[in-house]
Undergrad: 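Below are the structure tokens for one structure; questions will follow.
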Protein chains: 2
Amino acid sequence: MAGPERNSRHARIDYGLLPGLIGYQVRQAQIAIFRDFTANLADHDMTPTLFGTLVLVEANPGLKQADLARALQLDRSTVVTVIDTLEHRGLVERKRAVDDRRSNAVTLTNAGERILTMLKPLVTDHEARLVKDLDAGERTALVAALGKIFPDRR
Amino acid sequence: MAGPERNSRHARIDYGLLPGLIGYQVRQAQIAIFRDFTANLADHDMTPTLFGTLVLVEANPGLKQADLARALQLDRSTVVTVIDTLEHRGLVERKRAVDDRRSNAVTLTNAGERILTMLKPLVTDHEARLVKDLDAGERTALVAALGKIFPDRR
DNA sequence: ATTAAAATGGTGGAGTTCCAACAATTATGA
DNA sequence: TCATAATTGTTGGAACTCCACCATTTTAAT
């Protein structure tokens, strides 16, 4: 109960107005989450974007790249790179879309299905660590509040 | 009250397990926030990282680059680039640290002080848009919940 | 039916970030 | 003390993402 001593040898700094900014708090959380995600899935060389793409393609076989871009808020040119990566790994395939000759229909390969089945429990573990200090109500409120930030995002 | 019609011509897709993942929700919110931030401050060519750096240097004159890296969860090499950018714009200065010859002491220039004074109201406007659909209790709970995600982040 | 506008996948270039390695300096331990 | 550890700023290389632009194709408007 003595003074504000710290064992840390690092300077304790003044964060100014940053802690009051939602943008700052979301960014800091996102950095920490990304770090834990990639560390936990390092054996599979997987990022949140690649994983999210696999999930969306599984749930929507034949999904078009532009739909993927909108769903993940990525540029269409970024999706080109993402699908290239997954295709080179043999996890997805580009097929010609029958209803629109501009589009590619993206589907999971069998290998993609297998990998995704392996990844899901690892992501569940990662998520459990994220929320380990939150009770169910806090979790629900967090998701609800995040969803109200720019609800018209596209 | 008819069926689930939509005026959108875009495919409504199945997001699978993504909406239940905190990591996904934080990422999507962060993308939307970053987009609004940079659009709102486009005249000043300012990013959240550059702004956060200016705020921390103002609040902690003579801050060392390594402390900045820890505070913003950036790699030390990234901070080199960030300070280079701000120094080239004449907003900060590197000085030799008197107590540790390995370190640089970073300070704001007068121009940096002036710019930061101009930026703060713009960031306040941006923040107001972020939280416009949240009441005070939701805001507080959001910040508290985000702070409980990897509270030992460094 | 024809023309104008919008959407799609893709390329090239740029910005931001990380990691691995390095020399210089400081801190720690035997 | 003195040898070893750790820390600091920096560089070079890579990964991820965006923007501007393009040709092809589809949609909308006249």
Side-chain angles (χ1 to χ4, degrees), chain A residues 7-11 27-28 30-32 34-39 42 45-53 62-89 92-106 154, chain B residues 7-11 27-28 30-32 34-39 42 45-53 62-89 92-106 154:
Chain A
N7 339 22
S8 172
R9 58 214 157 294
H10 297 142
R27 171 69 173 149
Q28 293 302 304
Q30 201 262 318
I31 291 174
F34 185 93
R35 206 193 316 283
D36 189 83
F37 185 101
T38 52
D45 199 17
M46 192 61 42
T47 63
T49 294
L50 294 177
F51 176 76
T53 298
L63 190 64
K64 291 161 189 172
Q65 294 179 200
D67 292 326
L68 206 37
R70 275 184 290 270
L72 296 179
Q73 294 191 94
L74 297 174
D75 192 85
R76 290 199 315 279
S77 62
T78 302
V79 173
V80 172
T81 305
V82 169
I83 300 299
D84 280 350
T85 299
L86 295 174
E87 196 171 39
H88 286 141
R89 294 187 192 179
V92 305
E93 277 179 344
R94 283 176 166 102
K95 299 177 183 170
R96 217 180 290 307
V98 290
D99 57 322
D100 187 339
R101 286 182 299 176
R102 295 170 301 183
S103 302
N104 294 330
V106 183
R154 192 180 354 173
Chain B
N7 338 22
S8 171
R9 57 215 155 294
H10 297 144
R27 171 69 173 148
Q28 293 302 303
Q30 201 262 318
I31 291 174
F34 185 93
R35 205 191 316 284
D36 188 83
F37 185 102
T38 52
D45 199 15
M46 191 62 40
T47 64
T49 295
L50 293 177
F51 175 75
T53 299
L63 190 64
K64 290 161 188 170
Q65 294 180 199
D67 292 327
L68 206 38
R70 275 185 289 269
L72 295 178
Q73 292 193 93
L74 297 173
D75 192 86
R76 290 198 316 278
S77 62
T78 302
V79 173
V80 173
T81 305
V82 168
I83 300 298
D84 280 349
T85 300
L86 295 175
E87 197 171 38
H88 287 141
R89 294 187 191 179
V92 304
E93 277 181 341
R94 283 176 166 102
K95 301 175 184 171
R96 217 179 282 311
V98 290
D99 58 322
D100 186 339
R101 284 182 300 175
R102 294 170 300 183
S103 303
N104 294 330
V106 183
R154 193 170 350 174

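The chains referred to below are lettered A, B, ... by the order of the sequence lines, with proteins before strands, and numbering in each begins at 1.
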Undergrad: Let me know which of Arg94(A), Arg70(A), Arg76(A) forms a side chain to side chain donor-acceptor pair (under 3.5 Å) with Gln65(A).
TA: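 Going through the options one by one, the only one that passes is Arg94(A).
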Undergrad: Of the options dG10(C), dG9(C), dT17(D), whose atoms approach the side-chain atoms of Thr81(A) most closely?
TA: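 Side chain of Thr81(A) sits closest to dT17(D).
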Undergrad: Would you mind telling me which residue lines up with the more 5' stretch of DNA chain C, Asp45(B) or Arg76(B), judged by nearest nucleotide?
TA: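 In this pair, the answer is Asp45(B).
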Undergrad: So, is dA5(D) syn or anti if syn means the angle is within 90° of 0?
TA: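 Syn conformation for dA5(D).
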Undergrad: Which of the following nucleotides, dT17(C), dT10(D), dT26(C), is nearest to the side chain of Thr78(B)?
TA: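 So the nucleotide nearest the side chain must be dT17(C).
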Undergrad: What's the CG-C1' distance between Leu74(A) and dG10(C), to the nearest Å?
TA: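 Computing the Leu74(A):CG to dG10(C):C1' distance gives 16 Å.
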Undergrad: Counting only side-chain heavy atoms from C-beta out, which of dT26(D), dT10(D), dT11(C) sits nearest to Arg101(A)?
TA: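 Minimum distance to the Arg101(A) side chain belongs to dT26(D).
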Undergrad: Toward the 5' end of DNA chain C, which comes first, Ser103(A) or Asp84(A), by nearest nucleotide?
TA: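 Whichever sits nearer the 5' end wins; that is Ser103(A).
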Undergrad: Check the distance between dC18(D)'s P and Gln73(A)'s CD and give it to me in whole angstrom.
TA: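 For the pair Gln73(A) CD and dC18(D) P, the rounded distance is 9 Å.
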Undergrad: Side chain of Asn104(A), heavy atoms from C-beta onward: which of dT17(D), dT25(D), dG9(C) has the nearest atom to it?
TA: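 In terms of side-chain proximity for Asn104(A), the closest of dT17(D), dT25(D), dG9(C) is dG9(C).
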Undergrad: So if I take every side-chain heavy atom of Arg70(B) and compare against dT17(C), dT8(D), dC18(D), which nucleotide ends up nearest?
TA: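 The nucleotide sitting nearest to the side chain is dT8(D).
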Undergrad: Please determine whether any donor N or O and acceptor N or O are separated by less than 3.5 Å between the side chain of Ser77(B) and the base of dC19(C).
TA: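 Between dC19(C) and Ser77(B), which were checked side chain against base, a qualifying N/O pair under 3.5 Å is present.
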Undergrad: Of all the nucleotides listed (dT11(C), dG9(C), dC19(C)), which has the minimum atom distance to the side chain of Gln65(A)?
TA: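 Of the options given, the side chain of Gln65(A) lies nearest dG9(C).
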Undergrad: Quiz question: going by heavy-atom distance under 3.5 Å, is there a donor-acceptor pair between the base of dT7(D) and the side chain of Arg102(B)?
TA: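 Side chain to base: pair present.
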Undergrad: Verify the contact: side-chain N or O of Arg94(A) to OP1 or OP2 of dG10(C), cut-off strictly under 4.0 Å; return yes or no.
TA: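 So the side-chain polar atoms of Arg94(A) do come within 4.0 Å of the phosphate oxygens OP1 or OP2 of dG10(C), strictly under.
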Undergrad: Could you check which of dC18(D), dC19(C), dG10(C) has an atom nearest any side-chain atom of Val80(A)?
TA: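 Within the option list, the nearest is dG10(C).
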Undergrad: Whole Å only: how far is the CD atom of Gln30(B) from the P atom of dT16(C)?
TA: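 It works out to 14 Å between those atoms.
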Undergrad: Counting distance alone, no hydrogens or angles: does the base of dC16(D) have a donor or acceptor under 3.5 Å from a partner atom on the side chain of Thr47(A)?
TA: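 Side chain to base: no pair present.
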